[in-house]
Amino acid sequence: MLLVTTSYDVGADYVSSALSSLGVAFHRLNTDQFPSETHITFDPQRDIVFSSGASRTTGSEVTAVWYRRIAGPNLSKDLDPGIREFCERECRAFITGTVSSLTPKRWLSAPWALALAEKKPYQLRIAHEVGFRIPETRMTNDPAAVAELGSAHKIAAKAVSSGYIQAGEGYAAIFTSEVSAADLQDLSSLSVSPVTFQELVDKVVDIRVTAVGQQLFAAEILSQTHDSSRTDWRATDDGNLEHRRHELPAQVGALCQVLVGKLGLHFAAIDLAVIQNGDYVFFELNPNGEWVWIEDQLGYPISRTIAEWLSGQAD
């Protein structure tokens, strides 16, 4: 079994521990340690060898792959910027290409499925097609389209893809935020980047659904108890924002499973909300979303379920 991740991935720590408790052998490929500390050899006529310290596995031995995340290489800052960029591209292309050439029985999930599923326009289209209610949405760089939506609804804005931006030496989060009347008067920023605008629905509670194979773990996030988390629960100023276990209606659970299947995934973190009339609204899906905080707060056995699915002990 191969875990493609990073040395600082807490979720991978949890799954690694679960695999060990099940007695399942695995090789953890920490991509941030390549090429300085870990080694990969690709031989198209023979086999692939992954090695790190005393741990070694070959491609023919890999029966399951957890394609969690890939990080850029840990290269010296003294490198010429052009050379550094070249090395980063080469490392990423080599790892993704080599891992994609594997033929395991189980992918969680396959790189090509992840690459498509993470595209927000595509996943929204599929969510709508399978029967989810979604907010009125315009992903656009056209001020006229935004004005039209804003004339019909209160609206919120969020990123089209990644919710993070590089800021100095680190990264800053871009949260979903309400669009004011003043914002609608100046949409000049759309000339440099498209934005996702959505109807601002009247939420009762946010729902985070973690899908692992055929199993669903649903959590209520009591976002409406604080002003800071009403629009986007991630923006909360309450480090102890209350979570509760949630029982999904059978129909909503079935829609989650159909959506994940249509996207070719075996894992997903799905963001929903219950609105005032009791309907469930779909916002987005993260094909490699986080779950550790939910496991810690609610005791859901998510990590163990991932380990069982990878080892073939769960569907």
Side-chain angles (χ1 to χ4, degrees), residues 1-34 38 40 47-71 95-118 208-218 256-257 259-270 285-296 298-315:
M1 184 179 302
L2 182 67
L3 309 186
V4 182
T5 183
T6 65
S7 61
Y8 47 83
D9 183 0
V10 177
D13 294 341
Y14 276 53
V15 173
S16 295
S17 178
L19 287 168
S20 296
S21 70
L22 292 170
V24 177
F26 63 93
H27 180 87
R28 179 167 173 170
L29 173 59
N30 290 324
T31 56
D32 59 309
Q33 296 175 340
F34 179 85
T38 64
I40 305 171
D47 209 344
I48 305 166
V49 179
F50 301 93
S51 60
S52 178
S55 179
R56 181 183 183 277
T57 194
T58 62
S60 57
E61 295 173 315
V62 174
T63 57
V65 177
W66 184 30
Y67 197 84
R68 170 72 168 152
R69 59 167 52 116
I70 291 181
I95 291 174
T96 56
T98 299
V99 173
S100 296
S101 74
L102 294 169
T103 56
K105 294 180 180 178
R106 294 195 166 206
W107 284 103
L108 196 75
S109 295
W112 46 91
L114 291 168
L116 185 56
E118 68 184 7
R208 176 76 164 217
V209 181
T210 305
V212 185
Q214 295 300 307
Q215 298 196 54
L216 302 175
F217 303 94
C256 290
Q257 291 172 328
L259 175 62
V260 172
K262 282 273 191 182
L263 293 172
L265 305 173
H266 298 288
F267 174 94
I270 304 168
L285 174 150
N286 188 330
N288 249 331
E290 302 297 337
W291 76 90
V292 167
W293 94 94
I294 291 175
E295 180 167 323
D296 286 344
L298 302 181
Y300 279 138
I302 299 173
S303 300
R304 186 175 181 88
T305 303
I306 292 172
E308 290 174 345
W309 191 93
L310 286 167
S311 60
Q313 299 178 39
D315 294 325

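Computed from a prediction, not measured in an experiment: that's the story for all the values here. For reference, positions follow the sequence shown, starting with 1.
Using a distance-only test at 3.5 Å, with no hydrogens or angles considered, no donor-acceptor pair links the side chain of Ser100 to the main chain of Gly97. Panel note: side chain Ser17, backbone Asp13; no donor-acceptor pair is recorded below 3.5 Å. Panel note: side chain Thr31, backbone Ala71; a donor-acceptor pair is recorded below 3.5 Å. Side-chain atoms of Asn286 never come within 3.5 Å of backbone atoms of Ala269 as a donor-acceptor pair (strictly under, hydrogens ignored).
With sequence neighbours excluded, no residue forms a salt bridge (Lys or Arg N to Asp or Glu O under 4.0 Å) with Glu118. With sequence neighbours left out, the ring-ring contact (aromatic ring centres under 6.0 Å, His included) criterion links Phe34 to Phe94. Under the side chain to side chain contact (heavy atoms under 4.5 Å, CB included) criterion, Ala113 pairs with Ala110, Leu265, sequence neighbours left out. Every side chain to side chain donor-acceptor pair (under 3.5 Å) that Trp291 has, sequence neighbours left out, goes to Glu295, Ser303. Every residue two or more places apart in sequence or in another chain was checked for a side chain to side chain donor-acceptor pair (under 3.5 Å) with Ser20, and none qualifies. For Asp296, there are no salt bridge (Lys or Arg N to Asp or Glu O under 4.0 Å) partners at least two apart in sequence or on another chain. Remark: Ser311 engages Gln313 in a side chain to side chain donor-acceptor pair (under 3.5 Å) (not counting sequence neighbours). With sequence neighbours excluded, no residue satisfies salt bridge (Lys or Arg N to Asp or Glu O under 4.0 Å) with Glu61. In this view, Trp293 and His243 satisfy the side chain to side chain donor-acceptor pair (under 3.5 Å) rule, not counting sequence neighbours. Checked against salt bridge (Lys or Arg N to Asp or Glu O under 4.0 Å), Asp9 has the following partners two or more places apart in sequence or in another chain: Arg68, Arg69. Here Ser101 pairs with Phe42, Ile48 under the side chain to side chain contact (heavy atoms under 4.5 Å, CB included) rule; sequence neighbours left out.
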Could you give the side-chain donor-acceptor pairs of residues 210-218 under 3.5 Å, partners two or more places apart or in another chain?
none

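Trp107 has its ring centre less than 6.0 Å from the ring centre of Trp112.
Between the side chains of Thr6 and Asp32, no donor-acceptor pair is found at a separation under 3.5 Å.
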